[in-house]
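First listed ligand is number 1; within each ligand, the first listed atom is number 1.
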Amino acid sequence: MKRFDKPILVTRPYLPDLDAFKAGCCEIWANQWLTNNGPMLKKFHGELAGYLGVGESNMALFNNGTLALEVGFQAMGLSGGDVITTPFTFVATSHALKRVGANPIFADIDPETLCLSPEVAERLITPRTKAIVPVHVYGNACDIEGFERLREKYGVKIIYDAAHAFGAEIGGRSIGSFGDMSMFSFHPTKLFHSCEGGLLVFRDAALQRQLFDLRNFAIHSETECIDVGTNAKMNELQALMGLLCLKKMPELLAWRVKIHEVYRSAFAGVDGIRYLDKSINKAYCPVLFRDFETRERVYSRLKEECNVFPRRYFYPLLTDFAPYVYGKGACPVAEGIAGRVLTLPTYYGLSGEDALAIAGNVKEIVDG
Ligand code: T4K
């Protein structure tokens, strides 16, 4: 097995050219404006609208994805209601619901997309259901049509957690343009980042002013505070990082596609290893093993013997964590996947040769 000299982490952030960043800092210094809707943020907002092909009035930037979700849920009026969501996600999805006073109801996932199943979700809809929050997990697209049907039939809001899905398109449209609202995370572990950051894209442009207010303490004017807002503003350094990374998006995406292809072909037809290749933007490289024991063996031997640090996203399942304990067997598909999945390293700069060696190590461990 190949042991790498330097640790290979599950992901590394792309870092733009330092001189370009310094030049941007000179602009920020000249403006003497660091946060609170500054010029760099406005520029980033405009460029993102162009990149995504959505209206500038249908977007709002935040200082991270979690607060973007919280503010979005608050603006959508989810407080006090039930919200059907997936247990197969990062804790932030449900934390944001709980923190605005909504009650997450967990429904099982589809075994192919690993996203919330609209059919299972439909069975849990009651008069208390205010919204459904599916997650495009790993950049796999949810069943958009299925959720659109539920939106029309029951009048529930559909708010996608698209934290993993920046850069993904369906039929030439950004994945963020479906449903009532979508949230992209710009954390450095994502394929695109702004150090930290989050973006809401929403159907109803009338929401924008409310979202802008809520992210700034709900201060509406010098003499009016109209709600219980928070501080969720993106600052100028974040916006600068985002602007520089956005220029690189085509290459960031192409690189992931290349790494994904290495893993996909290395694992093709291999008994006991299923490479999950549904991700549109190749944000993550998840592999499914035959059982829990094999996954755990691969996970620990890669770390100890190969200096490779994959992650068990998303294990333990959200519904196993203290604030959400739900009872075993409630979401059997999600429980099964969480116990067998491992996400392998992928990031801009990881060589195809290294990805191939990692895949070789995985196969050897599974065989042994
Ligand atoms: N919804 C979903 C579905 C999400 O997955 C997330 C976040 C959110 C909502 C919330 O969005 P944000 O509020 O984060 O914008 C990471 C991230 O912190 C988190 O953003 C992400 N999902 C989650 C899936 O993964 P950890 O605890 O795994 O991060 P950490 O620090 O262990 O880093 C992972 C790897 O990346 C390590 O091997 C080190 C490497 N790394 C990390 C950072 C931050 C670097 O090389 N450089 C870096 O700067 O949570």
Side-chain angles (χ1 to χ4, degrees), residues 4 6-16 60-73 83 85-100 104 106 109 113-116 133-142 159-166 168 175-176 181-200 215 230-235 237-238 241-242 245 279 281 283-286 299 302-303 306-318 321 324 334 338 341-350 358:
F4 292 86
K6 287 192 187 151
I8 306 278
L9 306 179
V10 69
T11 190
R12 304 311 315 267
Y14 161 71
L15 290 173
L61 276 161
F62 294 83
N63 59 353
N64 61 59
T66 306
L67 281 172
L69 278 180
E70 271 187 48
V71 170
F73 293 158
V83 177
T85 188
T86 168
F88 192 66
T89 180
F90 190 57
V91 286
T93 315
S94 276
H95 280 359
L97 286 170
K98 281 277 212 190
R99 289 173 64 84
V100 300
F106 296 100
I109 57 173
T113 65
L114 310 186
C115 301
L116 182 66
V133 175
V135 179
H136 299 301
V137 70
Y138 302 138
N140 299 357
C142 296
I159 305 169
Y160 289 104
D161 180 338
H164 304 168
F166 191 75
I175 201 165
M181 185 178 266
S182 296
M183 183 284 288
F184 294 116
S185 163
F186 297 162
H187 186 266
T189 54
K190 305 297 181 293
L191 79 85
F192 169 79
H193 74 94
S194 58
C195 287
E196 290 258 12
L199 177 72
L200 288 180
R215 75 179 177 190
T230 187
N231 181 354
K233 290 167 273 118
M234 174 174 276
N235 68 48
L237 287 159
Q238 289 175 283
M241 180 63 94
C245 290
S279 175
N281 62 351
Y284 291 81
C285 288
Y299 176 62
L302 279 178
K303 289 200 292 183
C306 310
N307 213 13
V308 173
F309 295 81
R311 291 295 285 267
R312 294 168 293 183
Y313 295 131
F314 290 98
Y315 168 85
L317 208 56
L318 189 51
F321 289 129
Y324 303 105
V341 75
L342 193 64
T343 53
L344 296 179
T346 182
Y347 51 86
Y348 181 79
L350 178 71
I358 294 167

Q: Starting from atom 33 (O) of ligand 1, find the nearest protein heavy-atom neighbour and note its residue, name and distance.
A: Thr189 CG2, 3.7 Å

Q: Please could you name the atoms of ligand 1 that Thr89 approaches to less than 4.0 Å, counting only its heavy atoms?
A: 3 (C)

Q: Is there any N or O on Arg12 that sits under 3.5 Å from an N or O of ligand 1?
A: yes

Q: Under 4.0 Å and counting heavy atoms only, is there anything from the protein next to atom 47 (N) of ligand 1?
A: yes

Q: Checking a contact table here: which protein heavy atom is nearest atom 13 (O) of ligand 1, and how many Å away?
A: Thr66 OG1, 2.6 Å

Q: Please identify which atoms of ligand 1 are closer than 4.0 Å to at least one heavy atom of Pro13.
A: 45 (C), 46 (O), 47 (N), 49 (O)

Q: What atoms in ligand 1 come closer than 4.0 Å to a heavy atom of Gly65?
A: 11 (O), 12 (P), 13 (O), 15 (O)

Q: Using a 4.0 Å cut-off to any heavy atom of Lys190, which atoms of ligand 1 qualify?
A: 7 (C), 19 (C), 20 (O), 21 (C), 22 (N)

Q: Which atoms of ligand 1 have any heavy atom of Gly197 under 4.0 Å away?
A: 15 (O)

Q: Which atoms of ligand 1 are found less than 4.0 Å from any heavy atom of Leu9?
A: 38 (O), 39 (C)

Q: For ligand 1, which is the ligand I care about here, please tell me if Glu196 has any N or O atom under 3.5 Å from one of the ligand's N or O atoms.
A: no

Q: If you count the atoms of ligand 1 from 1 in the order shown, which ones are under 4.0 Å from a heavy atom of Met183?
A: 9 (C)

Q: Does the residue Gly198 have a heavy-atom contact with ligand 1, meaning some pair of atoms that are separated by less than 4.0 Å?
A: no

Q: Taking the ring of Phe166 and the ring of His193, is the distance between their centroids below 6.0 Å?
A: no

Q: Using non-hydrogen atoms of the residue, decide whether Tyr313 is closer than 4.0 angstrom to ligand 1.
A: yes

Q: Could you say whether the N/O atoms of Tyr284 and ligand 1 ever approach to under 3.5 Å?
A: no

Q: Relative to the ring of Tyr284, is the ring of Tyr313 parallel (under 30°), tilted (30 to 60°) or perpendicular (over 60°)?
A: perpendicular

